[in-house]
Amino acid sequence: MRFDIHKELNEAQLKAAMATEGPVLVIAGAGSGKTRTIVYRLAHLVREGLDPQSILLLTFTRKASQEMLNRAGRLLGQGLNGVVGGTFHSFAYAMLRRYSRALGLAEELTILDKGDSEQVVAQVRESQGIGKGDRSFPKKGTISSLISKSRNKELGLQILIENEARHLLVYGEDLQAIADSYSRFKREYGLLDYDDLLFYCEKLLTEHEGIRDFLRLKYQHILVDEYQDTNLVQGRIVSSLAGPGGNVMAVGDDAQSIYSFRGATVANILRFSESFPGARIIKLEQNYRSVQPILSLSNQILERAEEKYEKNLFTERSDGQKPELLRPISDHSQSRVVLNKIEELAREYPLHEIAVLFRSGFQSYNLEVALNKQGIPFKKFGGQKFTEAAHIKDVLAYLRLAANPADLPAWQRAMTLIPKVGPKTCQRLYDSIVSGDGAYLARSRRSNEDLDRAVTFIHRLQEQKKERVFVLLEQVLEFYQPLLKSRFPDDYPRRQAGLDELSQIAAAYEELDLFLSDLCLENPDQLGQRDPLEDNLVLSTVHSAKGLEWQAVIIIDLVEERFPSKHALMDKFGMEEERRLFYVACTRAKEYLGLSMPDSLYNRYQRFHESALASPFVLELSPDGFDEFREDMSGTMLVHRPIKDKKGPSQAKKGGDRQASPDKLGHCRHKIFGRGKVVQFFPPNRYQVNFPGFGLKKIMGDYLEMEE
DNA sequence: ACCTGATATCCGATC
DNA sequence: GATATCAGGT
């Protein structure tokens with residue numbers, strides 16, 4: 001016996017780990033040792049003699065499941081070979097491959113990644129002549145995401161548009177027509193998008209009882225992590241796979257649900273007992289991650305949430321410093337302020353224990369430049385994924401064709417790289433090949449030398465499809481080299497580095513199919529084997545930071561329209577989700593938490609700094625909970641002590657409007673824009689001011705000095 | 001008929 | 001940086 005489960009878990013964790021009979025729902029607060037609990041449960045099950053092959057572990061990323069399995073293996077002193085672990089999508093894909101015949105699917109499955117789906121949408125729109133020449137017609141990305149959302153939330157397209165994109169209601173019929181032909185197109189060419197993977201998997205379980213019963217018997221224990229971020233169909237897959245009274249443990253935290261844009265719904269948590277009558281519910285409430293001041297501030301964020309579960313997070317770490325509110329003059333100087341803070345923190349923590357978090361990918365651009373200049377190494381997570389980069393997709397298209405010659409999106413991509421070949425030629429070539437009548441193809445090859453070379457190359461590749469992945473990739477890279485340079489004359493060296501990275505990842509694979517499906521079903525940032533010696537600062541979107549933790553965390557751009565994102569106002573639940581997102585961000589920190597709130601944002605379009613409104617989430621916080629620092633004009637940070645009877649930012653919301661009464665609209669001063677005329681008052685505390693040279697601005701009263 | 005390059009506009013988080 | 005459209009070229 002290598003571990004003592006009774007000593008190494010707290011009471012609630014122990015209950016959760018040992019409750020191996022029947023359904024269990026674990027509500028696990030942030031930092032409450034959720035992973036630890038799952039790991040011990042796994043180890044416990046196997047130690048009791050359960051065959052690892054009868055465990056199914058569904059997580060948010062494969063890296064997460066791999067890590068849990070490794071840790072459980074270490075406890076046991078033996079590997080946990082045979083546990084099926086990964087994401088819902090990759091599990092579904094595996095099922096579809098195994099049972100493609102029962103489902104009437106093609107032998108070779110083609111998965112459409114985000115870009116592919118959008119391409120198909122653009123194509124069907126074009127072929128139907130919908131919205132031709134209409135500049136304000138929604139873009140392919142918008143259409144594609146609406147279609148996907150409607151499926152994930154299981155709402156009709158019209159209803160979804162009404163709820164979340166009213167302004168597109170005028171295009172309702174057109175969008176419906178596109179959605180219909182999109183799904184026809186997929187069926188015709190044997191294509192599966194991400195959503196199809198889940199729905200076909202469900203279909204497999206509901207329409208083929210034999211298969212379902214077989215799988216039920218096989219997977220005697222099901223563990224689902226991050227249950228708050230599962231959507232309806234994922235919930236049904238779990239129910240169906242486990243069966244009533246099945247041994248299923250779902251772990252999640254409703255307060256950390258941040259994927260509703262993808263159809264995730266806390267309904268799965270709320271109605272767990274309905275799906276699984278007699279389910280036990282266990283709460284993990286002791287926080288082991290953060291020092292008390294960070295936890296207190298985080299709890300404050302949650303207190304204001306409209307819908308919440310009663311939860312009482314506590315910690316025994318009573319030490320620790322207060323979070324800091326950093327107030328740079330602008331988002332530009334924010335980079336410098338944050339950089340200084342990082343250098344200060346780096347004296348105490350290794351770089352990889354420091355993270356900078358932000359709402360969306362582009363928000364770190366400025367900081368990235370500053371870090372490069374300073375020579376601080378960093379690794380960025382989230383934002384544009386490297387498989388989405390044009391050059392990577394180009395190369396993968398050839399590999400996809402080697403695996404499946406009928407892969408239409410790959411064919412289109414590979415062919416349009418060839419000079420003189422555009423969409424029309426491409427489609428004809430494809431039809432010519434698929435129909436078996438190669439006349440058009442032969443003719444084109446004679447008249448276009450580049451095309452001939454490409455087709456010859458693809459054929460050669462297809463003959464070697466059983467070769468190791470890197471053998472194939474090597475050839476593609478050689479073939480692609482001249483194309484890379486002509487396509488990206490300005491920055492091909494940078495892109496070459498990306499291709500080298502792809503080779504690194506490929507080296508770990510034998511089979512082409514597996515390599516390709518992993519690249520679109522797993523986050524490639526986490527795919528390659530990372531050098532444990534490298535010590536990089538972490539830059540990450542909050543979404544990509546889910547489930548992770550660092551000694552020190554700095555959250556940047558805490559201003560209105562950035563965090564919360566301006567898109568949050570699109571639907572009524574948006575704000576609440578942003579709040580949970582902010583909660584997730586803060587609870588990543590163990591010892592140091594910095595909140596950065598610039599006073600102005602650089603407007604690239606109009607080329608000047610525009611005053612920014614403080615994020616409402618920061619305004620809500622009690623000023624006792626953090627220390628405040630303001631940047632002065634010389635660039636140094638000064639301690640800012642809120643004066644008791646003068647209004648600090650925190651009173652702004654509750655307090656009201658005594659600062660300057662709305663009826664005497666005179667002149668005022670602003671730190672950046674100078675003197676301006678107050679035009680209008682917006683309760684509770686905003687003023688519209690006309691600044692000569694800057695124009696009309698809406699600004700919080702706190703940042704204005706009123707003239708008598 | 002079809003491809004290619006220039007120009008204006010907009011930008012969300014993920015499998 | 002990517003997308004969409006338009007004008008020009010073969």
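Lettering follows sequence order; numbering is per chain, from 1.
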Whole-Å distance between [N] [atom2] and [X] [atom1]?
X        : N      : atom1 : atom2 : answer
A:Leu417 : B:dC3  : CG    : C1'   : 14 Å
A:Phe60  : B:dA13 : CZ    : C1'   : 10 Å
A:Phe91  : B:dC15 : CZ    : C1'   : 16 Å
A:Arg62  : B:dC15 : CZ    : P     : 12 Å
A:Asp195 : B:dT14 : CG    : P     : 16 Å
A:Leu548 : B:dT14 : CG    : P     : 13 Å
A:Gln119 : C:dT3  : CD    : C1'   : 10 Å
A:Ile130 : C:dA4  : CD1   : C1'   : 17 Å

Strictly under 3.5 Å: I want the nitrogen or oxygen pairs between protein and nucleotides 4-6 of chain B, one per line.
{"residue": "B:dT4", "atom": "OP1", "partner": "A:Lys420", "partner atom": "N", "Å": "2.6"}

Identify whether any heavy atom of [X] sits under 4.0 Å from a base atom; if not, whether one sits that close to sugar-phosphate; answer base, sugar-phosphate or nothing.
X        : answer
A:Gly141 : nothing
A:Arg428 : sugar-phosphate
A:Thr425 : sugar-phosphate
A:Tyr259 : sugar-phosphate

Side chain of [X] (C-beta onward), nearest among [options]:
X        : options                : result
A:Lys139 : B:dG12, B:dC15, C:dT3  : C:dT3
A:Lys140 : B:dG12, B:dC15, C:dT3  : C:dT3
A:Glu118 : B:dG12, C:dT3, B:dC15  : C:dT3
A:Phe261 : B:dC15, B:dT14, B:dG12 : B:dT14
A:Ser360 : C:dA2, B:dA13, B:dT14  : B:dA13

OP1 or OP2 of [N] less than 4.0 angstrom from a side-chain nitrogen or oxygen of [X], does that happen here?
X        : N      : value
A:Thr142 : C:dT3  : no
A:Lys566 : B:dG12 : no
A:Ser544 : B:dA13 : no
A:Lys385 : B:dC15 : yes

Item to complete: Check whether the side chains of A:Gln496 and A:Asp500 place a donor and an acceptor atom closer than 3.5 Å, and report yes or no.
Response: yes
Fill in: Distance-only side-chain donor-acceptor flag, A:Ser517 / A:Asp513, under 3.5 Å
no
Tell me whether [X] contacts the main-chain N or O of [Y] through its side chain, where contact means a donor paired with an acceptor under 3.5 Å.
X        : Y        : answer
A:Arg579 : A:Ile301 : yes
A:Arg588 : A:Val584 : yes
A:Ser144 : A:Lys140 : no
A:Ser432 : A:Arg428 : no
A:Asn231 : A:Gln234 : yes

Worksheet item: Charged N to carboxylate O under 4.0 angstrom, A:Asp196 versus A:Arg151?
Response: yes
Could you list all N or O pairs between the protein and nucleotides 5-7 of chain C that sit under 3.5 Å apart?
{"residue": "C:dT5", "atom": "OP1", "partner": "A:Arg125", "partner atom": "NH2", "Å": "3.4"}

Practice prompt. Flag yes if more than 12 heavy atoms outside A:Tyr430 fall under 6.0 Å of its OH atom; otherwise flag no.
Written response: yes
Worksheet item: Hey, would you say the A:Tyr93 and A:Phe91 ring centroids sit under 6.0 Å apart?
Response: no
Worksheet entry | Student check: side-chain heavy atoms of A:Met415 and A:Leu451 closer than 4.5 Å | yes
Fill in: A:Ser90 or A:Lys424, whichever maps to the more 5' nucleotide of DNA chain B
A:Lys424
Worksheet item: Does the base of B:dG12 carry an N or O that pairs as donor and acceptor with the side chain of A:Glu578 under 3.5 Å?
Response: yes
Item to complete: Could you check whether A:His543 and the base of B:dA13 form a stacked pair, meaning centres closer than 5.5 Å and planes differing by less than 30°?
Response: no
